[in-house]
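Hydrogens, waters and symmetry mates are skipped; everything else that's a heavy atom, side chains included, is used.
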Amino acid sequence: MNEYKGIIVSPGISVGKVYLFREEKITIPKYAIAVHQISHEIERFVQAVESAITEISQLKEKYAHQMGEQEKKLLDSHVLMLSDPVFKEDIGKKVGEKQVNVEWSLLQVIDDFIEKMNESSDEYMMARSLDFHDVSKRVMRHLLLSERMSLADLQEEVIIVAHNLLPSDAISMNKAMVKGIALDLGSKTSHTAILARAFNIPAVLGLSDISQQVNQNDEIIVDGNKGVVIVSPDKETKAKYHSTQVKWHKHEKKLMDLKTVQAETKDGQVVQLEANIEVAEEVNSVLAYGASGIGLFRSEFLFMQPSTMPSEEEQFRTYRNVLEAMKGKSVTIRTLDLGGEKVFPGIDIQEEDNPILGWRAVRFCIAKPEIFKIQLRAILRASVYGNCKIMFPMISGIEELLQTLDILQQVKKDLKRENIQFDEKISVGAMIEVPSAALTSDILAKKVDFFSIGTNDLIQYTIAVDRSNEKIAYLYEPFHPGVLRLLKTIIDNAHQAGITVSMCGEMAGDPAATVVLLGLGLDHFSMSSFSIPEIKNIIRSVDSGEAKQLVEKILSMSFAAEITEYVENWMEAHLAKVFN
């Protein structure tokens, strides 16, 4: 028996046998061509692209009865990538300059692009690189006239184990027969993760080499609740997990029964539980888990088309579709958080020695108003189709906030002059993820309608800990006294100014932090959709007065370990039944 630890992306427990899905090996030829052959090579590429687009259309038609909107939109995005004229130009340029065959040119263009994206430490950016890998392999297969094995033909219940799954593989797989997924690669924001959550398939990704550690038909357990995969479990472990599986299904049903009720404490305090989404396709999952709105809609995915910027119209349609799908529930759109470790095609950002503290987010947007204004126009135009809010990331102080608000006012004036409707009372908020913003939150609160605390950055900036650095990751402490005091400062200053406070970092979806955040006075919790039922269950099981007393006690403590232990013991004493 061997146990492997990975990334939790879709909850649930599955016990079954391995279906080892190996990516086929494609040998890419390289050979020189004469000048007069260049046009022929480009024509071969054009025909392969047309065949790939036709194939995608057939895929949509064949599996239309199985697909949700997110899968259809994903395939549509692949068609857009293939139809991008810049894509064709880049290939043609490479063929002409190097005078090599089109297969090798395609490989070089895609590899260069994927390498740039994978240099980013941002998991969303790395996840999107898989889309480019997917469409390029589809074109490559047509150039080389090779076949591709399909997961659509599964005839028995299995747990898929693979190095990675391309988005098209995840879409076409026979989901009724897939009881779990375990991959070497992947992240919470990959399309496989999104689809696994949408279809309630337990999944653990980022397992490094699980595909090399199993054989076809091995028995395997996927524990999506703990991010654990067990290969060839012994009888005792199997019996334990079968029992846990039964309890989990009962617990899950209990949680999902809370879908239509409010997140209300025993003494009547109501808080809002909202969802974070990476891509528009996640709206169905947001509604399925009973979110009261979308507290963080990351808009960066719109800027992921190869070598081209999204038009105002394209952005407008996306925002409008999400707002309409949410049917009046609030949708908070974070403006472009670009720069730092996030590299985007078509946008030239010079390499920096310390990009995390560099030219990013609102700093970039203020310096590039031609890009920023297009996005603001699109958001404002879409605002009449639902309950829309705008949120600015990485505000470090009042100067940046006022500059950002000034650009927003300019855009509003332009739209009025053009007689274009928008919600003139649209709520505008600032993300508090920099200590300077937290410490001046009393000043910032006078200029916005709400705050949203981004704890992922705020914690690492406050403690000076890069949580991706394994040597010091142990120092990343959400319950560090300095962090808790900053959170209290932000929330108290906001409430004194009469505005609400949300939290959209990972801390908001951590059950261990729920009662503490409730006691601090947080108004809105925003998290991954599948975390909402668990957090709601905790909130409905406590008294807000008790939560405040808990916070008063821990704020007097000096050590993070002491605080963590005290909170764990408190929850064990007060909420033991909630977790059983």
May I have the list of side-chain donor-acceptor pairs in residues 399-406 shorter than 3.5 Å, sequence neighbours left out?
unit_1, atom_1, unit_2, atom_2, d
E400, OE1, S396, N, 2.9
E400, OE1, S396, OG, 2.8
E400, OE2, R363, NE, 3.2
T404, OG1, E400, O, 2.7
D406, OD2, Q410, NE2, 3.0

Exercise. Sequence neighbours excluded, which residues qualify as salt bridge (Lys or Arg N to Asp or Glu O under 4.0 Å) partners of K488?
Worked result: D492
Problem set entry | Audit row: K389, I333, side chain to side chain contact (heavy atoms under 4.5 Å, CB included) steps and yes/no | CA-CA 6 Å; K389 299 178 181 179; I333 301 172; over 6 Å; no
Problem set entry | Distance-only polar pair, side chains of S292 and E274, donor-acceptor under 3.5 Å | no
Seminar exercise, completed: By side-chain contact (heavy atoms from CB on, under 4.5 Å), K548 pairs with (sequence neighbours left out) none
Exercise. More than 12 foreign heavy atoms under 6.0 Å from CD of E312: is that the case here?
Worked result: yes
Exercise. Side-chain donor-acceptor pair under 3.5 Å between S529 and E282, yes or no?
Worked result: no
For this session: Please examine the side chains of D423 and C388, heavy atoms only from C-beta on, and report whether any two atoms are closer than 4.5 Å.
Result: no
Exercise. Between E424 and K416, is there a salt bridge with N-O shorter than 4.0 Å?
Worked result: yes
Exercise. Considering all heavy atoms of both residues, which atom of I13 and which atom of Q245 are nearest to each other, and what is their separation?
Worked result: O-NE2, 2.9 Å
Exercise. Can you tell me if T500 uses its side chain to pair, donor with acceptor, with the backbone of D523 under 3.5 Å?
Worked result: no
For this session: Give, for atom CG of L255 and atom NZ of K250, the distance between the pair rounded to the nearest 0.5 Å.
Result: 14.5 Å
For this session: State, without any angle test, whether D543 and H574 hold a side-chain donor-acceptor pair at a distance under 3.5 Å.
Result: no
Exercise. To the nearest 0.5 Å, what is the distance between CG (N537) and CG (L258)?
Worked result: 5.5 Å
Seminar exercise, completed: Note: S526 and L296 closest approach over all heavy atoms is OG-N, 3.7 Å
Exercise. Does the side chain of S299 pick up a donor-acceptor pair with the side chain of Q375 at under 3.5 Å?
Worked result: yes
